[in-house]
Amino acid sequence: MAKRTPRVAIIMGSKSDWEVMQAAEKALDALDIPSDARVISAHRTPERLTRYLAGAEESGIEVIIAGAGAAAHLAGVTAAHTVLPVLGVPIGSSELKGLDALLATVQMPGGIPVATFAIGKAGAKNAGLFAAAILARSDAAIRERLEKFREAQAAAVPERPY
Ligand code: RP5
């Protein structure tokens, strides 16, 4: 079967971030939304970043999820290069366990917004779901799948703790 055009990019500063960022891919897969995962570092591979972003929108990407740890500038630099929505996921890969990445991602000066999610896997999962919510505004099939996901999630919560 032909590979479908990815609508969401999942970029991350290092291969070591994939363990966390897979949660974004998993959330998108569950809603049947094709995504494209790439290792792109804002400081180690700056040219790869500009090249990828220059072609992203034209290739069909509508939302970019960017995960990075430590002095995490990937999401901010990405947002500087595109008007696509950028969802930042701080990763707890450093000695400061993600607090550094959280502050670096969330504290964008006014003018270039990055929507920032929780540190780690919960943040990656929610970034995937949020990307789906953005696409659902103009795609009724995704909206329906998102609503079904919420219903199933609610149904799986037991009413009693015992
Ligand atoms: C950041 O530094 C990456 O996003 C990663 O979280 C962290 C460590 O990267 P590696 O040294 O494991 O490649 O840029």
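All ligand and atom numbering here is 1-based and tracks the order in the structure. Count residues from 1 along the sequence.
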Point to revise | Pair Lys148 + Glu144: basic N to acidic O under 4.0 Å | key: yes
**Study point:** Under the ring pair (Phe, Tyr, Trp, His ring centres under 6.0 Å) test, residues paired with His43 that sit two or more places apart
**Key:** His73
Check your understanding: Is the side chain of Asp139 donor-acceptor paired with the backbone N or O of Leu135 at a distance under 3.5 Å, no angle test?
Key -> no
Revision key, fill the gap. Residues at least two apart in sequence or cross-chain that pass side chain to side chain donor-acceptor pair (under 3.5 Å) with Glu57, listed by chain then number, are none
**Study point:** Donor-acceptor under 3.5 Å (Arg145 side chain, Ile33 main chain)
**Key:** no
Revision key, fill the gap. The answer, listing residues by chain and number that come under 4.0 Å of ligand 1 through any heavy atom, is Gly13, Ser14, Ser16, Asp17, His43, Arg44, Ala68, Gly69, Ser93
Study note, to complete from the structure: Taken in chain and number order and not counting sequence neighbours, the residues that satisfy side chain to side chain donor-acceptor pair (under 3.5 Å) with Ser16 are Ser14
